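Okay, so here's the structure we're looking at.
By convention in this document, chain letters (A, B, ...) are assigned in the order of the sequence lines, proteins followed by strands, and residues within each chain are numbered from 1. Computed from a predicted model, the values in this text were never measured in an experiment.
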Number of protein chains: 2
Amino acid sequence: MARPFRALQMPHLRESIKDSAWRQITESGASSLSLRKIAREIGITAPAIYNYFPDRDALVTALIIDAYASFGDFQHEAKASFPEPGQAAERLRATGIAYRRWAIKYPHRYMLIFGSPVPGYVPPMQELLPVMMRSLGALTAVIAELHIAGRLEVRGIPHPLIEPGHRFFSLPDTADPGTFAVYSVAMLIWSRVHGLVSLEITGQLPPFAEDGEALYRYELDAICLQFIRPSQDGEDVISSTRSRSSQ
Amino acid sequence: MARPFRALQMPHLRESIKDSAWRQITESGASSLSLRKIAREIGITAPAIYNYFPDRDALVTALIIDAYASFGDFQHEAKASFPEPGQAAERLRATGIAYRRWAIKYPHRYMLIFGSPVPGYVPPMQELLPVMMRSLGALTAVIAELHIAGRLEVRGIPHPLIEPGHRFFSLPDTADPGTFAVYSVAMLIWSRVHGLVSLEITGQLPPFAEDGEALYRYELDAICLQFIRPSQDGEDVISSTRSRSSQ
DNA sequence: AGTGTAAATATACGCTGTTTATTTGAAAAC
DNA sequence: GTTTTCAAATAAACAGCGTATATTTACACT
C-alpha cells in the first residue's frame, strides 16, 4: 500500500510529528531527537515527514517557535497579574518568578530555546527574532514602564548601539532618547536570571548549592534593589527579605 | 598492512587524537565532532581510536578536563596578578575580566565546559568535579579572602545546604560558620558572569546589544558594589564608572 | 628463535538524515 | 461516470556515524 485512506490517517500529521518530537525531547532530551524514531512512533515512514518539514532543522525551528510561544504566554500572564500602573515592581518580580517556574516545568524546552542541544542545528535568527522578542518583550515592557514612571535606576547603564527607528521590543511610545537604557537593563536582568536558571536546570550548580530557589529569590531581590527606585508617591519598593548596606 | 612501524607512526597518538578533536571543535563546533573524521585526518582507522579512549564520551571528557585546566590556569593567573592582601577587590575584578576574556578567546571550549553541545554526552560529574572546583576555586578563594578581611557583604545571603566536613572549594581554614555564605556568593557571581558571557558568545544577545564588553564591565561594577564593603583602613572600593543611588 | 602481547586493520551491524523513483488514494475535469 | 491530475505516502538506496568483532602484525621478552 502506498497511501492510506484519508479517513484512516491522522488528519493532523504535522501536529502529530511535533507531538512525538516533544515526547522524545521530554523523555530523553533534545539531542536524541530522531526523525526515524518519530516516524516509527506515529506509524509512518521517515521520508513522509519531509512532506511536512523540509528537513530536521525546520522541525526543530518549529518546536522552538512553539516553545517560545509557551514561554512568552507565561511571561505575559505573569506580567498581567499585576495590572495596576503603580505595581511595576511587582510586575518585574512576577515575571522573574515565572521565568524560573517555566524553565523548571519545561527544562528541555528551556534548553532548546536558550541552549544549543541539537547537534548541527544553527538557529535561523531571522525567523526566530519575532517570537524571541515577544517573549522578552514582557520583561522589557515592565522595565520601560518603570522608566516612564521615573523609577528605573539608569545611572551608569551603557548605551546600546541602536538607531532610533530600529526598535525590536514592544515599547511605549516616547521621545525620550534615554529610553534606550531600557534595552540594556533588560539584557542585564535577562542574563542574570538566565545564568542562574540555566546552571540550575542543567545540574551544574555544585552539590551544596542545591537550593536554587533560595539563590534565585535572593537574586531577584538584588535585581529589584539595583534597578528600582522607590516611587515618589509614598509607595515603597517591594518588601525584601534582606537589607542592603548604604554605599 | 596492519600495524605500521613504530618509527613511522606518531608516538603521541593519544595527543594527536585530542589535537585533531580540538581542531574540529574550533573549526565547526563540538556538535560535529566525529571519530571517523579524526581518524581520517591523522591517517588511522576509526576503531584504532578505541585503543586510547574507550568510547567517544571518554574522549569528550578528556577534552573537557583539558579545557578546565586551561580555564583554571587563566583564572588563577588573573587572581595572582594582584597578590597583596589588601587587593582583594582588584583580584575579584581581575578574575571577572579573565573569565570573559578566556570565553571569548575559546568560545567552543567554553561551551564544551558550561554548555551541553555534544549530542548524547552526559558529563561524568564524579570525574569532572575536581577540575571544575579548581577552576571555580580561584573565584571562591578571592571571595573567602574578602570575607576574612571583613569586606564581604553577606547580609541576606541564603545559607547553602552543606555540612561542615564537606568542602569542595579551596578555602582558607577558619572555624567561622558564616563562611559558608562564601559558597553562595561565589555561585551568585558565577551565575552572573556565566549568564552574560554565555549569551554573548552564543550570539543570543539581540542585535542592538552587541557591545558585550560595556555590559560586562557594568555588570562587574555592579557585582563589586553589591558584595564588597569598603575596607576599614582607608582603602576604598575600586573605582567605578558609575555611582549608585542611596537606597 | 619462538612466543605473547599490544596496536593496528578489515569487516560488519545498526543507527542516523536525506534523496530518488514509484505507487496510489483522492479530488477535479470533462 | 470516466478520465486526468495531483499530492501524499512508500520502497529502496546512499553516505555518514559510533562501535563491536575478528584478524593481522610489529615489537618485546624469554
Side-chain angles (χ1 to χ4, degrees), chain A residues 1-18 20-21 23-25 27-64 112 116-124, chain B residues 1-18 20-21 23-25 27-63 116-124:
Chain A
M1 125 186 93
R3 176 177 173 173
F5 292 84
R6 173 166 288 188
L8 297 180
Q9 74 182 359
M10 187 106 42
H12 314 306
L13 207 42
R14 192 186 151 93
E15 291 304 313
S16 299
I17 292 169
K18 291 201 292 186
S20 174
R23 225 171 293 132
Q24 280 186 38
I25 287 175
E27 284 172 10
S28 40
S31 63
S32 67
L33 197 154
S34 155
L35 293 186
R36 297 184 109 111
K37 236 187 294 181
I38 292 173
R40 231 174 287 135
E41 188 180 73
I42 66 179
I44 61 174
T45 59
I49 296 178
Y50 286 74
N51 288 314
Y52 302 91
F53 300 95
D55 52 15
R56 193 207 51 164
D57 284 11
L59 169 60
V60 172
T61 298
L63 297 176
I64 289 178
L112 190 66
S116 41
V118 180
Y121 181 77
V122 284
Chain B
M1 123 189 87
R3 176 177 173 171
F5 292 86
R6 175 166 289 187
L8 298 179
Q9 73 182 356
M10 185 107 43
H12 314 303
L13 206 43
R14 191 186 150 94
E15 291 305 312
S16 300
I17 292 169
K18 290 203 291 187
S20 174
R23 226 171 293 132
Q24 280 187 37
I25 288 175
E27 284 172 8
S28 41
S31 62
S32 67
L33 197 155
S34 155
L35 294 186
R36 297 184 111 112
K37 235 186 294 179
I38 292 173
R40 229 174 288 134
E41 187 179 73
I42 65 180
I44 61 174
T45 59
I49 296 178
Y50 286 75
N51 288 314
Y52 302 93
F53 301 96
D55 52 14
R56 193 207 52 164
D57 284 10
L59 169 60
V60 172
T61 299
L63 297 176
S116 42
V118 180
Y121 180 77
V122 284

Just how far, in rounded Å, is [atom2] of [N] from [atom1] of [X]?
| X | N | atom1 | atom2 | result |
| --- | --- | --- | --- | --- |
| B/Arg14 | C/dA7 | CZ | P | 12 Å |
| B/Ile38 | D/dG16 | CD1 | P | 16 Å |
| A/Leu59 | C/dT16 | CG | P | 14 Å |
| B/Ile49 | D/dA20 | CD1 | P | 13 Å |
| A/Tyr121 | C/dT18 | OH | P | 13 Å |
| A/Phe53 | D/dA9 | CZ | P | 13 Å |
| B/Arg56 | D/dC17 | CZ | C1' | 10 Å |
| A/Gln24 | C/dG17 | CD | C1' | 14 Å |

Nearest to the side chain of [X] - [options]?
| X | options | value |
| --- | --- | --- |
| A/Pro47 | C/dT16, C/dT19, D/dG18 | C/dT19 |
| B/Tyr52 | C/dA8, C/dT9, D/dT10 | C/dA8 |
| A/Ala48 | D/dA9, C/dT18, D/dT19 | D/dA9 |
| A/Asn51 | D/dA20, C/dG17, D/dA9 | D/dA9 |
| A/Thr45 | D/dG18, D/dT10, C/dA8 | D/dT10 |

Q: Would you please confirm or rule out a distance under 4.0 Å between OP1 or OP2 of D/dC17 and any side-chain N or O of B/Arg40?
A: yes
(Q) Side-chain N or O of A/Tyr50 versus OP1/OP2 of C/dT18: is the shortest distance under 4.0 Å? (A) yes
Q: State the CZ-OH distance between A/Arg56 and A/Tyr121, to the nearest 0.5 angstrom.
A: 9.5 Å
Q: Answer with base, sugar-phosphate or nothing: what part of the nucleic acid does B/Leu33 contact at a heavy-atom distance below 4.0 Å?
A: sugar-phosphate
Side chains of [X] and [Y] in contact at under 4.5 Å (non-hydrogen atoms):
| X | Y | value |
| --- | --- | --- |
| B/Asp55 | B/Leu35 | no |
| A/Ser32 | A/Lys37 | yes |
| B/Asn51 | B/Leu13 | no |

Q: Assign each of A/Ser34 and B/Arg36 to its nearest nucleotide of DNA chain C by heavy atoms, then name whichever residue's nucleotide is nearer the 5' end.
A: B/Arg36
Q. Got a donor-acceptor contact below 3.5 angstrom from the B/Thr61 side chain to the B/Asp57 backbone?
A. yes
